[in-house]
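Since the structure comes first, as structure tokens, the remarks are kept for the end.
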Amino acid sequence: MLQCKQIRHTARVVQIAVPPAGGAYLESFLRASSFSAEHSVKKQVNMALPIYSTYDCIVLGAGIQGSFTAYHLAKSGKKPLLLEQFPLPHTRGSSHGQTRIIRKAYPEDFYTHMMEEGYKLWEEVEKASGTKLYRNTELLVLAPDGNPVLESICKNLEDFKIPWERLTQETLKQRYPGFSIKPGEVGCVDSSGGVLCADKALKAVQELFQQMGGVIHDGEKVQSIEPGPVIKVTTTKHTYAAEKLVITAGPWAQKVLSPLGLQLPLKTLRINVCYWKEKFPGKSDILTNAPLFLAGGLNGVEHEIYGLPSQEYPGLIKICLHNGNEAEPEERDDLAKEDKIKDISILSSFVSNYLPDLNPEPAIIERCMYTVTPDHNYILDHHPLHKNIVIGAGFSGHGFKISPVVGKILSELCTGAPLTYNLKPFQINRF
Ligand SMILES: Cc1cc2nc3c(=O)[nH]c(=O)nc-3n(C[C@H](O)[C@H](O)[C@H](O)COP(=O)(O)OP(=O)(O)OC[C@H]3O[C@@H](n4cnc5c(N)ncnc54)[C@H](O)[C@@H]3O)c2cc1C
Ligand SMILES: O=C(O)[C@@H]1CCCCN1
């Protein structure tokens, strides 16, 4: 028979459920927690084992999605526990690095709609943390004239009354002379586009969450989840209990979900993040005039390519393929693995062709992981069998900018609060 005890420790209530048998586990827990009630508790429970610390809700994974979920849960008065397998900060998942694109230019109207609140929430985090996280640079979307994706983006910007501009080939050439635009290629400029300071953002959200009373345990890998009205989560260090669990495990999502009987059509891709240097340093103005851009369907370029103005490495511009080769996160840096998509040579030929003032060999290559769904839309839903488990997954290489809204949605799904958004595009039953 389990007994249930409550010990008041500063402002937090910790519940421990204990079987009558004795053990050393309780003793070390009591020592580590330095409870003032230590002695009497020891006597009452007679050195019992094991102990489950109980939280309102547990969030598994402290990337940007889990961190924003925990932030919104804390804002709504809950006391969540955020669990992370690696010591923070870390570079093994999808949320590390200094920069991410933020934009309202999307071909799907639901993302443009979410970004209206997204910008407000980023501003809220900037103000509360006193950290500048957003740099407004404008975003150039480059495509062949009449490209359906480009046309949907222009329509959304117009419908949502977001200041934007259509650029002809001539205007493009005047405004961005370092960009070798080809005949028939046009552009659209999203005035809201810019760069988010990703690492700083993650740190700021995690700090704000803790200031609101939230708890982060890093360096603790979740090893098993026992579903039920009270979910038991066992990590490499401890066992926790909560009525609700949110799983935001990034590229590890499928590994965490399989033992819970759920197979999702997720692919994990390793992405080469490439930085490019001026061919003759100081001889061109490419470092100052290359825009933040997204390019799709260009002459002889099969893939979408994007670029960010110089920021993290002075003198270097980040230009990457919006695609990569399948790999587990643990084999991300296995250089012996052969790549089917020759991403670096595709990028080299794009750079030679479109940005001739840059050296067509990357100066620095870093790695990051995408977790993609077949339609590239996110998964934001309850577990189909265990309704008190909520899943945020498959952010498909475009989840950072919307993470403040994703966190709000996941926290609404977790607490049962009225939903702010129509979640049909994100439901699991679409697969
Ligand atoms: C190169 C690159 C460029 C990108 N560019 C953009 C961009 O310009 N704009 C944009 O909006 N988005 C962009 N994205 C996408 C965006 O960064 C991701 O969508 C987002 O970071 C996903 O966050 P996440 O929290 O889901 O995943 P992650 O950051 O991977 O977080 C998941 C966390 O769960 C933890 N975890 C997993 N399993 C366990 C376990 N068993 N126990 C405990 N912890 C566990 C992991 O360690 C990890 O910290 C880009 C991504 C990459 C890789
Ligand atoms: O989310 C974004 O805006 C970008 C688009 C290009 C690929 C990387 N992510």
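In listed order, ligands and their atoms are each counted from 1.
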Should you measure from each heavy atom of [X], which atoms of ligand 1 turn up under 4.0 Å away?
X      : answer
Lys221 : 41 (N), 42 (N)
Val273 : 1 (C)
Glu220 : 43 (C)
Ile271 : 1 (C)
His90  : 47 (O), 48 (C), 49 (O)
Lys401 : 9 (N), 10 (C), 11 (O)
Gly399 : 11 (O), 12 (N), 15 (C), 16 (C), 19 (O)
Met369 : 53 (C)

*Option from Lys337, Lys255, Arg270 for which salt bridge (charged side-chain N to carboxylate O under 4.0 Å, His left out) with Glu328 holds*: Lys255
Shortest reach to [atom] by a heavy atom, considering only [options]:
atom                    : options                        : result
atom 32 (C) of ligand 1 : Thr248, Asn272, Leu196, Thr235 : Thr248
atom 36 (N) of ligand 1 : Glu366, Gln85, Gln65           : Gln85
atom 2 (C) of ligand 1  : Tyr111, Tyr370, Tyr378, Phe400 : Tyr370
atom 3 (C) of ligand 1  : Phe395, Phe86, Tyr306          : Tyr306

Classify the side-chain pair [X]/[Y] by whether it contains a donor and acceptor separated by less than 3.5 Å.
X      : Y      : result
His238 : Ser53  : yes
Ser348 : Glu361 : no
Tyr421 : His113 : no

_Does ligand 1 come near enough to Glu84 that some N or O of the ligand is less than 3.5 Å from an N or O of the residue?_
yes
*Decide whether an N or O pair under 3.5 Å exists between Gly93 and ligand 1.*
no
*How about Tyr111 and Tyr378: are their ring centroids closer than 6.0 Å?*
yes
*asked:* Quick check on the 6.0 Å ring-centre criterion: do His303 and Phe350 meet it?
replied: no
_NZ (Lys182) with more than 12 external heavy atoms under 6.0 Å_ = yes
Does [X] approach ligand 1 within less than 4.0 angstrom via side chain, backbone, both or neither, non-hydrogen atoms only?
X      : result
Arg92  : neither
Ile101 : both
Arg100 : both
Ile64  : both
His96  : neither

Contact check, side chains of [X] and [Y], non-hydrogen atoms, under 4.5 Å:
X      : Y      : answer
Ile346 : Ile341 : yes
Tyr119 : Leu121 : no
Leu167 : Arg175 : yes
Pro89  : Asp199 : no

Got the closest protein heavy atom to [atom], with its distance?
atom                    : answer
atom 39 (C) of ligand 1 : Leu60 CD2, 3.6 Å
atom 34 (O) of ligand 1 : Gly61 CA, 3.1 Å
atom 23 (O) of ligand 1 : Ser95 OG, 3.2 Å
atom 14 (N) of ligand 1 : Gly397 O, 3.3 Å
atom 38 (N) of ligand 1 : Trp252 CB, 3.5 Å
atom 30 (O) of ligand 1 : Ser94 N, 3.0 Å
atom 31 (O) of ligand 1 : Gly63 CA, 3.2 Å
atom 42 (N) of ligand 1 : Val222 N, 2.9 Å

Anything under 3.5 Å between a donor and an acceptor, one on a side chain of residues 138-150, the other on a protein residue two or more places apart or in another chain? List them.
residue	atom	partner	partner atom	Å
Asn147	OD1	Val149	N	2.9
Asn147	OD1	Leu150	N	3.0

*Kindly give the heavy-atom pair with the smallest separation between Ala198 and Ser95, and that separation in Å.*
CB-O, 4.3 Å
_Partner of Thr235 by side chain to side chain donor-acceptor pair (under 3.5 Å), out of His217, Glu220, Glu84, Lys221_ = Glu220
*Can you tell me if Arg367 uses its side chain to pair, donor with acceptor, with the backbone of Arg332 under 3.5 Å?*
yes
*Between Thr234 (side chain) and Gln223 (backbone), is there a donor-acceptor pair under 3.5 Å?*
no
*Going by the angle between their ring planes, with limits at 30° and 60°, are Trp122 and Phe400 parallel, tilted or perpendicular?*
parallel
*Start with the C-alpha gap between Leu245 and Val390, add the side-chain angles, then the distance that decides, and say whether side-chain contact (heavy atoms from CB on, under 4.5 Å) holds.*
CA-CA 6 Å; Leu245 170 69; Val390 169; over 6 Å; no
*Worked check of ring pair (Phe, Tyr, Trp, His ring centres under 6.0 Å) between Phe110 and Phe426*: CA-CA 11 Å; Phe110 49 87; Phe426 310 118; 5.6 Å; yes
Write out each pair where an N or O from ligand 2 and one from the protein are under 3.5 Å apart, with the distance.
residue	atom	partner	partner atom	Å
ligand 2	1 (O)	Lys401	NZ	2.5
ligand 2	3 (O)	Arg103	NE	2.6
ligand 2	3 (O)	Arg103	NH2	3.0
ligand 2	3 (O)	Lys401	NZ	3.2
ligand 2	9 (N)	Gly397	O	2.8

